[in-house]
Student: 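Got a structure for you, written out below as structure tokens; questions coming shortly.
Remember, predicted model here, so these are calculated numbers, not experimental data.
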Amino acid sequence: MRGLMQDFPLLVHQVLDHAARWHGRTAIVSRSIEGPLHRTDYATLNRRARALASAAEQRLGLRLGAVIATMAWNSWRHLEIWYGLMGLGAIVHTLNPRLFTEQLAYIINHAEDQWIFTDLTFVPLLEALQERLPRVKGFIIMTDEAHMPQSTTRRNPICYETLLAAGDPGFAWPSFDENTACGLCYTSGTTGNPKGVLYSHRSNVLHGLMCALGDTMALSARDRVMPVVPMFHANTWSLAFSAPLSGAALVMPGAKLDGPSLYEMLDVGQVSFAAAVPTVWLMLLAHLEKNPQLRLPHLERVVIGGSACPEAIMRAFVEHYDTDVIHAWGMTEMSPIGSLANRPTGIADAEWWPLKLKQGRPPFMVDMKITDDAGNTLPHDGRTFGRLKVKGPAVARSYFRGEGLAAFDAEGWFDTGDVATIDEWGFMQITDRSKDVIKSGGEWISSIELENIALACEGVQEAAAIGLPHPKWSERPLLIIVRKAGAQVSAAEIFAHLDGKIAKWWMPDDVAFVDEIPHTATGKISKLELRERFRDYRFPGTAS
């Protein structure tokens, strides 16, 4: 017997419809590319998204299943494109401008993007790339006629505001199956060419609901949310969906993500909730340290993910600015949130900080386990390392065009490529990427833990640990350090700081000081590039 409930398809545009109908006057504040702050609300954004859908259908010829790309910062226009074109039945492919041009050309052609919507920032980049993009029909420049670039080298340039003005703000959304594809994002966390993750309307809505839960991000209509994490970085961690469905206000920071600019938007927008990778928060904290009179009176909590968050960053927010920090973990393949470290009941204060530094527990709709290389499930004792595997309704079951199938097993589990432990509380902790773990004498050393402890040493700005060949132990750790400006911290001081905080056999064999550490397009430390840079390095006392 089937239940007698209405069949309500989970479609992305219904999120915006809900926000417009019941939270229509709630503000959306953006830093525009042109300069001034822009203010709108959900009701207006809904009308403009519908007008864009209408114009895209009539003027651009977009139909169900058409793939378009965006190369844009977080703004009201980018939101309009997401909701308008997804609502039309098109697939919105977000381009990460931090990728190499060869990678960008590859994914645009692999996705078969028909049109590219671009902010003014990226017009020169796309002009230089367009001859390598034979399928792209033209470029929609996300500005008004007054700010349209005068260059004539672009293929079929169209002004965004002019296109939108030709549409019908009363456009009726078409109906289609909730499993219809609506978003495409390529992961940079793989070897070889990037792989595409194809999201459905259903997966995005479910993931948005999951992320708004009380033990996830706990969003509500009382919040003012600033997604610092870009919309081209794994669905802006679902905040472009979770905030509207919760009725929360949005503050979109645009292109300026330096410390002073972030502080300005946090202050002007009276932001209560924000999310970003650790490197971004380091820039904000550095600005606050230089200006001790500045406070964060509105900021109640921040989500930090993308890479392991150092304890020093967490303590700075909690102890100096009374802002709670929620450590999160996820992947593009997971839409992306997979776990968060929220405090459970029954945890004493002394027990909480060690748990807070972990990546946390999976929310409802994410399941996870750790296994050995043979696929056997390992115990949740907080000590046993294993391969982290996940599944759920917002977790990919394959990559776009059937690539990378080895990562998915017959039972639906996706092998994340991470090595992790899970403790008796259910808190998961990433100890390394399987390709980055340091294997010394048959035992594993966590490069992430070494880095986080080193970061707490006075005078250290950034740290990275890599395993390099050793004639006796196979690999040993090299700790790579960037000093803070003006600091003179020495290798001896760093060794002294590590002493007693790690097992003796974890102690790095050497410390190397560099001016900067390379990062990937998503802001993570590029261990691949570091290993290449230090490939000829030999530890002191070892033969060449």
Side-chain angles (χ1 to χ4, degrees), residues 12-13 16 20 28 30 32-36 38-95 97 108 111-127 129-130 133 135-174 182-184 231-232 240 252 254-255:
V12 164
H13 61 262
L16 182 57
I28 302 169
S30 304
S32 70
I33 305 303
E34 296 85 353
H38 179 276
R39 299 177 185 273
T40 185
D41 55 36
Y42 282 124
T44 304
L45 192 127
N46 182 265
R47 290 192 294 272
R48 283 172 57 89
R50 288 173 181 266
L52 177 62
S54 168
E57 182 179 57
Q58 297 300 318
R59 302 296 178 93
L60 304 183
L62 296 187
R63 299 291 184 267
L64 184 70
V67 185
I68 68 94
T70 64
M71 187 178 283
W73 301 105
N74 293 6
S75 72
W76 81 101
R77 288 185 178 122
H78 207 171
L79 284 171
E80 290 166 358
I81 294 166
W82 272 33
Y83 281 103
L85 299 190
M86 290 181 187
L88 181 62
I91 300 167
V92 177
H93 171 205
T94 49
L95 299 173
I108 292 169
E112 298 185 2
D113 295 330
Q114 296 184 19
W115 296 85
I116 298 179
F117 287 71
T118 178
D119 269 331
L120 289 166
T121 312
F122 308 116
V123 168
L125 171 60
L126 290 169
E127 281 184 343
L129 199 60
Q130 66 180 346
L133 310 175
R135 293 186 180 90
V136 173
K137 299 176 182 178
F139 301 88
I140 294 86
I141 315 299
M142 295 164 60
T143 190
D144 52 27
E145 290 288 356
H147 292 89
M148 278 291 285
Q150 298 305 305
S151 169
T152 58
T153 62
R154 295 179 311 283
R155 182 190 310 152
N156 195 11
I158 297 173
C159 174
Y160 177 85
E161 291 295 340
T162 302
L163 173 68
L164 191 146
D168 176 10
F171 175 79
W173 301 119
C182 69
L184 180 60
M231 293 173 72
F232 54 75
M252 308 297 270

Student: If I compare all heavy atoms of Gly84 with all of Ala53, which pair ends up nearest, and what's the gap?
Tutor: O-CB, 3.3 Å
Student: Can you measure from CG (Asp119) to CG (Asn74) and round to the nearest 0.5 angstrom?
Tutor: 9.5 Å
Student: With a 4.5 Å limit on heavy-atom distance, are the side chains of Arg50 and His13 in contact?
Tutor: no
Student: Write down the atom of Ala69, the atom of Asp113, and the distance for their closest heavy-atom approach.
Tutor: CB-OD2, 3.3 Å
Student: Considering only heavy atoms from C-beta outward, does the side chain of Ile68 approach that of Ile81 to under 4.5 Å?
Tutor: yes
Student: Stepwise, does the side-chain contact (heavy atoms from CB on, under 4.5 Å) test hold for Val92 with Met86?
Tutor: CA-CA 7 Å; Val92 177; Met86 290 181 187; 3.8 Å; yes
Student: Looking at Ser54 and Asp168, would you say the former's side chain and the latter's main chain have a donor-acceptor pair under 3.5 Å?
Tutor: yes
Student: Going by heavy atoms in the side chains, are Met142 and Ile33 under 4.5 Å from each other?
Tutor: no
Student: So, do Trp115 and Ile158 sit near enough that their side-chain heavy atoms are less than 4.5 Å apart?
Tutor: yes
Student: Using side-chain heavy atoms (C-beta onward) and a distance below 4.5 Å, is Met231 in contact with Leu79?
Tutor: yes
Student: Side chains of Pro149 and Ile141: closer than 4.5 Å at any heavy-atom pair?
Tutor: yes
Student: Return the CD1 to CG distance between Ile140 and Leu163, rounded to the nearest 0.5 Å.
Tutor: 6.5 Å
Student: Looking at Leu133 and Leu129, what are the two nearest heavy atoms and their distance?
Tutor: CG-O, 3.5 Å
Student: Check Glu145 against Thr162 and note the closest heavy-atom contact, atom names and distance.
Tutor: OE2-OG1, 2.6 Å
Student: To the nearest 0.5 Å, what is the distance between CD (Gln114) and NE2 (His93)?
Tutor: 13.5 Å
Student: Decide side-chain contact (heavy atoms from CB on, under 4.5 Å) for Tyr83 and Val12; before the verdict, give the C-alpha distance in whole Å, the side-chain angles of both, and the deciding distance to 0.1 Å.
Tutor: CA-CA 7 Å; Tyr83 281 103; Val12 164; 3.7 Å; yes
Student: Do the non-hydrogen side-chain atoms of Tyr160 and Thr143 ever get within less than 4.5 Å of each other?
Tutor: no
Student: Between Val123 and Thr118, which heavy-atom pair has the shortest distance, and what is it?
Tutor: N-OG1, 4.1 Å
Student: Under the 3.5 angstrom rule, does the side chain of Arg155 hit a backbone N or O of Val136 as a donor-acceptor pair?
Tutor: yes
Student: Using a 3.5 Å distance criterion without hydrogens, assess whether the side chain of Glu80 forms a donor-acceptor pair with backbone atoms of Leu52.
Tutor: no
Student: Go through the structure and list residues passing ring-ring contact (aromatic ring centres under 6.0 Å, His included) with Phe122, not counting sequence neighbours.
Tutor: Trp73
Student: Rounded to the nearest 0.5 Å, what separates atom CG in Leu88 from atom SG in Cys182?
Tutor: 12.5 Å
Student: Sorted by first residue and then second, give each side chain to side chain donor-acceptor pair (under 3.5 Å) pair with at least one member in residues 55-72; sequence neighbours left out.
Tutor: Thr70-His78
Student: Please report the closest heavy-atom contact between Ala56 and Leu85, naming both atoms and the distance.
Tutor: CB-CD2, 3.6 Å
Student: Say you draw a straight line from CD of Glu161 to CZ of Arg77; how long is it, rounded to the nearest 0.5 Å?
Tutor: 4.5 Å
Student: Taking C-beta and beyond as the side chain, do Ser32 and Trp76 meet within less than 4.5 Å on heavy atoms?
Tutor: yes
Student: Let me confirm one number: the CG-CG distance from Asn46 to Asp41, rounded to the nearest 0.5 Å.
Tutor: 10.0 Å
